[in-house]
Amino acid sequence: MTRPIRLVISGASGRMGIALLDLVRDDERFDLVQAVVSPGSARLGKAAYGDVSALRFSDWSEATAADVVIDFSGPEGLDSALAYCEANGAALVTGTTGLSPELEDRLGKAAERSPVLRAANFSLGVAVLTRLLREAAAALPGWDLDIVEAHHGRKEDAPSGTALALGHAAAAGRGASLDELAVYAREGRPGARKSGTIGFAVVRGGDIVGEHQALLMGQGERIELGHRATDRSIFARGALEAAAWIAGRAPGAWTIEDVIAAKV
Ligand code: NAD
């Protein structure tokens with residue numbers, strides 16, 4: 001594309017939205033045409049960058065033409081962003097997690113008609129961790145496997161989308177589905193560990209940006225594969241890379257691995 005990509009950020013006043021606003025301002029690949037906040041938000045009409053910019057926070061009722069929408073909002077915000085993309089032929093890049101099966105289904109159907117890229121985690125390090133875990137789980141089929149994740153106390157869904165994506169990769173490495181193997185809670189007297197299960201443990205508190213650790217536990221030895229995000233700009237940078245990559249692309253359900261594959 002020769003002209004800048006016309007970009008909308010959905011969830012623009014949230015933690016990820018603000019990280020995106022900070023980065024996109026000096027990125028010549030993009031022309032930020034709209035910063036969408038929730039309907040009724042106290043930020044509506046306020047300047048997105050303080051008083052030096054003409055861009056104001058708005059909701060979808062003021063929608064303008066765009067090439068790509070980046071969404072980090074919540075299930076409702078994603079639902080609205082998806083409706084906009086379907087009606088206007090824009091591509092969607094979303095990192096929102098904690099979706100209902102119905103919304104998952106809608107995203108899948110939308111990808112048959114327009115480009116949709118989803119990632120539970122936009123960091124390059126987590127993409128590599130996912131590959132490593134898939135390989136380790138396959139190489140050590142008899143070892144116990146648990147995934148521990150930690151996030152700030154305001155996170156609404158659990159386990160995190162990233163922990164679930166890691167669980168899917170580990171299960172795939174063992175030729176199974178996560179639905180068959182997952183254990184999401186242990187309480188009271190759950191009994192001895194069932195061989196082959198994948199357990200999840202969740203920590204919430206403070207300002208933790210996002211930490212994931214996969215423990216592969218054998219007899220007399222253990223492998224710990226982990227990733228620690230200390231700055232959420234890594235997710236914002238990854239989402240912008242994905243937005244630049246998806247602009248003008250064919251319809252399809254794309255992933256962050258497609259973006260990385262195009263770079264290596
Ligand atoms: P946040 O709560 O700080 O921000 C979400 C924002 O979306 C809020 O400002 C909220 O007002 C807004 N919102 C809610 N409903 C909306 C609507 N209908 N329309 C427009 N905006 C709406 O949360 P966050 O930490 O920025 O995370 C947002 C989402 O992104 C969560 O689902 C989180 O799990 C996910 N996340 C994903 C990644 C990744 O790499 N994939 C990284 C961080 C966070």
Side-chain angles (χ1 to χ4, degrees), residues 8-11 14-17 20 36 38-39 60 68-123 126-127 129-131 133-134 137 147 149 151 154-185 197-200 202 210 212 214 235 238-239 242-243 245-246 249-261:
V8 174
I9 297 174
S10 154
R15 279 171 290 249
M16 281 302 302
L20 279 161
V36 175
S38 51
W60 288 113
V68 182
V69 174
I70 299 183
D71 166 79
F72 283 88
S73 56
E76 277 180 29
L78 171 56
D79 197 78
S80 306
L82 185 56
Y84 168 83
C85 288
E86 288 189 297
N88 296 277
L92 175 66
V93 170
T94 179
T96 296
T97 59
L99 314 189
S100 65
E102 292 74 29
L103 192 47
E104 295 267 358
D105 201 45
R106 268 197 66 203
L107 277 169
K109 292 211 171 82
E112 292 167 12
R113 293 184 301 276
S114 46
V116 174
L117 189 147
R118 295 176 63 196
N121 195 304
F122 276 95
S123 100
V126 165
L129 172 66
T130 308
R131 282 191 207 174
L133 179 58
R134 191 182 293 120
I147 294 167
E149 61 101 334
H151 282 86
R154 288 179 54 211
K155 184 165 179 61
E156 293 190 6
D157 52 319
S160 69
T162 303
L164 293 171
L166 288 170
H168 282 291
R174 291 181 170 175
S177 78
L178 186 60
D179 284 349
E180 297 168 68
L181 305 182
V183 173
Y184 293 113
T197 50
I198 297 177
F200 289 85
V202 173
H212 295 86
F235 309 126
W245 179 89
I246 205 172
R249 213 159 273 274
W254 304 103
T255 70
I256 191 68
E257 299 212 349
D258 296 313
V259 181
I260 291 168

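Not measured: the values here are computed from a predicted model.
A heavy-atom distance below 4.5 Å is not found between the side chains of Met16 and Ile70. Under the 4.5 Å side-chain criterion, counting only non-hydrogen atoms from C-beta, Leu107 is in contact with Leu99. Using a 4.5 Å heavy-atom threshold, the side chains of Val93 and Trp245 count as separate.
The minimum heavy-atom distance between Ala119 and Ile256, with the atom names listed, is CB-CB, 4.0 Å. Taking every heavy atom of both residues into account, Ala81 and Ser10 meet most closely at CB-OG, 4.1 Å. Smallest separation of non-hydrogen atoms from Ala250 and Pro115: O-CB, 3.6 Å.
Listed by chain and residue number, Glu86 satisfy the side-chain contact (heavy atoms from CB on, under 4.5 Å) test with Arg113 (two or more places apart in sequence, or in another chain). In this structure Thr130 satisfies the side-chain hydrogen bond (donor to acceptor under 3.5 Å, both in side chains) test with no other residue, sequence neighbours excluded. Taking Phe72 as the reference, Phe122 meet the ring-ring contact (aromatic ring centres under 6.0 Å, His included) condition, with sequence neighbours excluded. Residues passing the salt bridge (charged side-chain N to carboxylate O under 4.0 Å, His left out) test with Glu104, sequence neighbours excluded: Arg118. Asp157 pairs by the side-chain hydrogen bond (donor to acceptor under 3.5 Å, both in side chains) definition with Thr97, Lys155, not counting sequence neighbours. With sequence neighbours excluded, the residues satisfying side-chain contact (heavy atoms from CB on, under 4.5 Å) with Ala163 are Ile147, Glu149, Pro159, Ser160, Phe200, His212. Partners of Pro75 according to the side-chain contact (heavy atoms from CB on, under 4.5 Å) rule, which considers only residues two or more places apart in sequence or in another chain, are Thr96, Leu103.
For the pair Ser123 (side chain) and Phe235 (backbone), a donor-acceptor distance under 3.5 Å is absent.
Residues in residues 158-184 take part in no salt bridge (Lys or Arg N to Asp or Glu O under 4.0 Å) pair, two or more places apart or across chains. Sorted by first and then second residue, the ring-ring contact (aromatic ring centres under 6.0 Å, His included) pairs involving residues 78-121 (not counting sequence neighbours) are Trp60-Tyr84. Screening residues 163-172 for salt bridge (Lys or Arg N to Asp or Glu O under 4.0 Å), with sequence neighbours left out, gives no hits.
A distance of 9.0 Å separates CG in Leu78 from SG in Cys85, rounded to the nearest 0.5 Å. Taken to the nearest 0.5 Å, the CG atom of Asp258 stands 8.5 Å off from the CZ atom of Arg249.
Residue Thr94 forms a side chain to side chain contact (heavy atoms under 4.5 Å, CB included) with just one option from Asp71, Leu117, Val69, and that option is Asp71.
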Output side-chain donor-acceptor pairs under 3.5 Å for residues 164-173, partner residues at least two apart or in another chain, one line each.
none

